[in-house]
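Just the heavy atoms: all of them, side chains too, but no hydrogens, waters or symmetry mates, feed the values below.
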Amino acid sequence: MTDLARPRHPLPAGTSITPPDQQPDQSPSLAVRNNGGVEPSRAPAPAGRREALLVLGFGGPEGTDDVMPFLENVTRGRGIPRERLEAVAEHYHHFGGVSPINEQNKALVAALEAELAAAGIDLPVYWGNRNWAPYVEDVWRQMAEDGVEHAYVLATSAYASFSGCRQYHEDVARARVALESDPSAPAGPTAEKLPHYFDAPGFVQANAEALAAAIAALPAGVRDTARLVATAHSIPNAMASVAGPQGGAYEAELLQAAQLAVDAAAPGRPFDLVWQSRSGPPSVPWLEPDVNDHLKALAEQGEKAVVVFPVGFISDHLEVIWDLDNEAEETAGELGLAFVRAGTAGTHPAFVASLRELLAERRAGGEPRLGTNCPAHCCFVARPAGRPAAG
């Protein structure tokens, strides 16, 4: 029986994805190393090159026995207390130990396959994960065995930050080095990550339509005065400060994405950007306010209704349906606030079309944008002593 708690072809113990003569935040960057030692091209893809699209996700458990091994994968090296993992595990057990994220990513893969076929683009679509099967290391080997020479990587995060962008570059590097470490394995593909897509027209359209539908679902008496509240995953302040080449890009991109959605769905209305799903120790400052604290503040200010739109996520995975549909909605109910949560982009046709356009943009060449050609120092977070350094 296959052990789903680890890849079949992992990075060998003691092997680093960073060359021995450099530091993780020194050139050549992850983007350059993953692309075979050269910057992502500003020219069209070479004719005849065998290419593929890899949807690279976070991963999630598929049953009750998977939950703790999955959470241990997610938190390895971070010193998270066992009791905290057990508390989070209960969120998964509430849904039978199955995270919806895997089925949502399978649906996205199917939608992309259909979108590419309809556009006459003959390109295989693979799916791999960081923290659970199918692991990116194993999928990378499969691509190599299938003869893929170059992979375009679509991360299931639209934004800058270590966890939202750089760590996906690291995932590719880990898979690439794991394959290179096996002398019996075929040569693997070069790779480039697709750029950030927080402002892609289809992503904006999907979020705007969901926001408009949520506003319309409120009682007529509070519909026009309800407070609009955008949410995204909180990250440590230290991580937020180094997001992007100049820092602060995570918050800036989220504010822009939320503004674009509001401009399309409810022009002129104000909104708040708040945070959810914090997982770090209380001693480490994270982005605030938390959505539940913000709902309490709104109630104290006399607000009567709220529409929460999780613009920081691309699908309704567990952190959305637990932290918002359970915890935040319960908080709103206790405060007497009318509450509606907008949906995420998911497989909205306009969103899928925008992803196809991002792929076509890279295949056609042109200036590689942020997310594809990130500087070596971009979003770099030094690991605390004792934490394994992947980068």
Say you draw a straight line from NE2 of His348 to CD1 of Ile314; how long is it, rounded to the nearest 0.5 Å?
14.0 Å

What's the separation between atom CG in Asn105 and atom OG in Ser315, rounded to the nearest 0.5 Å?
6.0 Å

Test salt bridge (charged side-chain N to carboxylate O under 4.0 Å, His left out) on Glu72 and Arg76; report intermediate values, then the result.
CA-CA 6 Å; Glu72 288 164 355; Arg76 183 167 288 116; 5.4 Å; no

Determine, using the 4.5 Å side-chain heavy-atom cutoff (strictly less than), whether Val262 and Leu273 are members of one ILVMFWY cluster.
yes

Would Leu370 end up clustered with Phe198 when hydrophobic side chains under 4.5 Å apart are linked, directly or stepwise?
no

Kindly indicate whether the side chain of Ser354, heavy atoms from C-beta on, has any atom under 4.5 Å from the side chain of Phe203.
no

Any chance you could lay out the side-chain hydrogen bond (donor to acceptor under 3.5 Å, both in side chains) test for Asn102 and Glu62, step after step, and finish with the verdict?
CA-CA 8 Å; Asn102 289 338; Glu62 299 276 12; 2.9 Å; yes

According to the interplanar angle, ranging from 0 to 90°, do the rings of Phe313 and His233 count as parallel (below 30°), tilted (30 to 60°) or perpendicular (above 60°)?
tilted

Polar side-chain atom of Glu149 near backbone of Arg50 as donor-acceptor pair, under 3.5 Å
yes

Taking Arg223 for the side chain and Leu218 for the main chain, is one N or O donor matched with an acceptor at less than 3.5 Å?
yes

Salt bridge check: are Asp182 and Arg141 linked by an N-O gap of less than 4.0 Å?
yes

Keeping Asp293 on the side-chain end and Pro289 on the backbone end, is there a donor-acceptor pair under 3.5 Å?
no

Under a 3.5 Å cutoff, is there a donor and acceptor pairing between the side chains of Tyr152 and Glu192?
no

Among side-chain atoms of Glu288 and His294, is any donor-acceptor pair under 3.5 angstrom?
no

Short side-chain to backbone donor-acceptor contact, Ser234 and Leu287, under 3.5 Å
yes

Is there a donor-acceptor contact under 3.5 Å from the side chain of Asn131 to the main chain of Leu71?
no

With heavy-atom distances below 4.5 Å as the criterion, would you say the side chains of Phe351 and Pro349 are in contact?
no

His91 and Glu319: side-chain hydrogen bond (donor to acceptor under 3.5 Å, both in side chains), yes or no, with the steps?
CA-CA 9 Å; His91 302 171; Glu319 287 178 315; over 6 Å; no

Quick one: NE2 on His196 to OG1 on Thr372, what's the gap to the nearest 0.5 Å?
8.0 Å

May I ask you to decide whether Glu361 forms a salt bridge with Arg369, counting only side-chain N to carboxylate O separations under 4.0 Å?
yes

Is a salt bridge present between Arg356 and Glu115, judged by a nitrogen-to-oxygen distance below 4.0 Å?
yes

To the nearest 0.5 Å, what is the distance between OH (Tyr250) and OG (Ser157)?
7.0 Å

Less than 6.0 Å separating the ring centroids of Tyr197 and Tyr159?
no

Donor-acceptor under 3.5 Å (Thr15 side chain, Leu11 main chain)
no

Any Lys/Arg nitrogen of Glu303 or Arg227 sitting under 4.0 Å from an Asp/Glu carboxylate oxygen of the other?
yes

Are Trp275 and Ile235 packed together at the side-chain level, in the sense that at least one heavy-atom pair is separated by less than 4.5 angstrom?
no

Identify whether the distance between the nearest side-chain nitrogen and carboxylate oxygen of Lys296 and Glu300 falls below 4.0 Å.
no

Could you state whether Phe58 and Phe95 fall into the same hydrophobic cluster, counting links through intermediate Ile, Leu, Val, Met, Phe, Trp or Tyr residues with side-chain heavy atoms under 4.5 angstrom apart?
yes

Taking NZ, NE, NH1 and NH2 as the nitrogens, is one of them in Asp325 or Arg341 under 4.0 Å from a carboxylate oxygen of the other?
yes

Ring-plane angle category for Trp132 and Tyr135, please: parallel below 30°, perpendicular beyond 60°, tilted otherwise.
tilted

Provide the closest heavy-atom pair for Leu324 versus Pro310 in the form atom of the first, atom of the second, distance.
CD1-CB, 3.8 Å

Begin with the C-alpha distance, continue with both residues' side-chain angles, and end with the deciding distance and a verdict on side chain to side chain contact (heavy atoms under 4.5 Å, CB included) for Thr75 and Leu85.
CA-CA 9 Å; Thr75 61; Leu85 295 187; 3.7 Å; yes

Determine whether the side chains of Asp146 and Gln142 contain a donor N or O and an acceptor N or O closer than 3.5 Å.
yes

When you measure from the side chain of Asn207 to the backbone N and O of Val311, does any donor-acceptor pair fall under 3.5 Å?
no

So, Glu103 side chain and Pro100 main chain: donor-acceptor pair closer than 3.5 Å or not?
no

I'd like to check the side chain to side chain contact (heavy atoms under 4.5 Å, CB included) partners of Glu39; sequence neighbours left out, ordered by chain and number.
Val32, Arg42, Asn373

Can you get from Leu116 to Leu108 by hopping between Ile, Leu, Val, Met, Phe, Trp and Tyr side chains that sit under 4.5 Å apart?
yes

Interatomic distance, Leu56 atom CG to Leu154 atom CG [nearest 0.5 angstrom]
8.5 Å

Do Leu194 and Leu123 belong to the same hydrophobic cluster, where Ile, Leu, Val, Met, Phe, Trp and Tyr are linked whenever their side-chain heavy atoms lie under 4.5 Å apart, directly or via other members?
yes

Check the pair His94 / Trp322 against ring-ring contact (aromatic ring centres under 6.0 Å, His included), numbers first and verdict last.
CA-CA 9 Å; His94 183 81; Trp322 180 266; 5.2 Å; yes

Return yes if a side-chain donor-acceptor contact under 3.5 Å exists between Gln104 and Asp316, otherwise no.
no

Is a side-chain donor or acceptor of Arg362 paired with a backbone partner of Pro44 at a separation under 3.5 angstrom?
no

Euclidean distance, Leu359 CG relative to Leu112 CG, rounded to 0.5 Å:
8.5 Å

So, the side chain of Arg176 versus the backbone of Trp140: is there a donor-acceptor pair under 3.5 Å, distance only?
no

